[in-house]
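This report refers to the structure that appears directly beneath it.
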Number of protein chains: 2
Amino acid sequence: MSSTQSILQAHHLRITDCRLAIIREFLDKSVALSHSDLEETLNKEFDRVTIYRTLKTFLEKDLIHKVLDDSGATKYAFCTHGEEAHAHNHEHVHFKCEKCEETICLEDISLPAIPLPKGFVKKEMNLLVQGICEKCH
Amino acid sequence: MSSTQSILQAHHLRITDCRLAIIREFLDKSVALSHSDLEETLNKEFDRVTIYRTLKTFLEKDLIHKVLDDSGATKYAFCTHGEEAHAHNHEHVHFKCEKCEETICLEDISLPAIPLPKGFVKKEMNLLVQGICEKCH
DNA sequence: GTTTATGCAAATTCTTTGCAATACT
DNA sequence: AGTATTGCAAAGAATTTGCATAAAC
């Protein structure tokens, strides 16, 4: 059994071609992908609607998470953290290149505590750094 | 001449009712607003398309900036920083309440330097903190 | 008077929903 | 066999474009 298959099993999801293909995309590319990125790459192998539903399912099962983006398009990235180890890691740091528009996860960076005004409770933090990546320099 | 009018003049924009109304909204509410927020509040006083175009113009002239949001809707906030003083302030910290969905600017917080991988150049940073605000607690 | 912004219509794109057929366990 | 997933059609949002009219300078 392939590792992509066991990922689905671990999350109590049925093994289907579309789900396997989408997981493989995330693992191969290791950048944040939008619905339309997937639609293009999978080149009409699966219905647009199926891709929407797969992304929604993956989100609910915490296989992927949303990545903030200023373009309007919702992007997603695979949650690579081992489930147990980082189950409560709700802090994400991403870098988006303004030229190639690729967004990558900066895994190793942790955010400092942000002093919030009184009465505010933090649940999650997302930092998006924008600039030029090493490939486009 | 009102202050909203002089804001437009300072950015070399013609003074029109729609532009004045949208600026007033941002100044009054002091939270990040989406196109549909404005459409509702301005209650059909202006065409949907005109609001889109006004937001686009304001973005280009740096009167407003995009605020990251995980809902898919693009939100905008007024650039309150005095232009000269903070012209190069490309760091934004926002807090979004998961209950009331309001997003506010945390003006006074500055972000630490993020150690980027070699070859990466930072242009802008956006931090979105999500949780519960003091009103919804 | 010239230039720019607006409103309306219409075209695109993005996303969701319902339902019957199919695939998974 | 029973349940969940898929594909197709179609509906509903969100966003953009073209063009004639109206407003700003």
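The figures that follow rest on heavy atoms only: side chains count, while hydrogens, waters and symmetry mates do not. Order of the sequence lines sets the chain letters (A, B, ...), proteins ahead of strands, with each chain counted from 1.
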Open item on the list: Between B:V49 and B:C18, which residue's closest nucleotide on DNA chain C lies nearer the 5′ terminus?
Closed with: B:C18
TODO: Fit a plane to each ring of B:F95 and A:F120, take the angle between them on a 0 to 90° scale, and name the class: parallel (under 30°), tilted (30 to 60°) or perpendicular (over 60°).
DONE: perpendicular
Open item on the list: Checking contacts here: which listed nucleotide (D:dT3, C:dT6, C:dT4) is nearest the side-chain heavy atoms of B:T54?
Closed with: C:dT6
Task: Interatomic distance, A:D17 CG vs C:dT25 P [rounded to whole Å] - done: 11 Å
Task: Between C:dT25 (C1') and A:I15 (CD1): distance, integer Å - done: 10 Å
Task: Salt-bridge criterion met for A:D37 and A:K29 (N-O under 4.0 Å) - done: no
- [ ] Report the distance from atom NZ of B:K44 to atom P of C:dG7, rounded to the nearest whole Å.
- [x] 13 Å
Open item on the list: Looking at C:dT15, I'd like to know if its phosphate oxygens (OP1 or OP2) sit under 4.0 Å from a side-chain N or O belonging to A:Y52.
Closed with: yes
TODO: Nearest whole angstrom, please: distance from the C1' of C:dG7 to the CD1 of B:I51.
DONE: 12 Å
Task: NZ/NE/NH1/NH2 to OD/OE distance under 4.0 Å, A:D70 and B:K66 - done: no
Task: Nucleotide nearest B:R53 (side chain, heavy atoms from C-beta), chosen from D:dT15, C:dG7, C:dT4 - done: C:dG7
- [ ] Check the distance between C:dA23's P and A:R14's CZ and give it to me in whole angstrom.
- [x] 13 Å
Open item on the list: Any base atoms under 4.0 Å from B:R19, or only sugar-phosphate, or nothing? Heavy atoms, all strands.
Closed with: sugar-phosphate
TODO: For A:K75 and C:dT15, give me the distance from atom NZ to atom P, rounded to whole Å.
DONE: 13 Å
TODO: Answer yes when B:K122 and B:E91 have at least one side-chain N-carboxylate O distance shorter than 4.0 Å, and no when they do not.
DONE: yes
Open item on the list: Closest approach to the side chain of B:H35, judged atom by atom: which nucleotide of D:dT15, D:dA23, D:dA4 is it?
Closed with: D:dT15
- [ ] Take atom CG of B:L13 and atom P of C:dT3, then tell me their distance rounded to the nearest Å.
- [x] 18 Å
TODO: State which of C:dT4, C:dG7, C:dT17 makes the closest approach to the side chain of B:D47.
DONE: C:dG7
Task: Presence of B:T50 side-chain N/O under 4.0 Å of C:dG7 phosphate oxygens OP1/OP2 - done: yes
Task: Sidechain-backbone polar pair: A:S30 side chain, A:L27 backbone, donor-acceptor under 3.5 Å - done: no
Task: Rounded distance in Å - NZ (A:K56) to C1' (D:dT6) - done: 15 Å
Open item on the list: Is the phosphate of C:dT6 approached by B:T16 (side-chain N or O, under 4.0 Å from OP1 or OP2)?
Closed with: yes
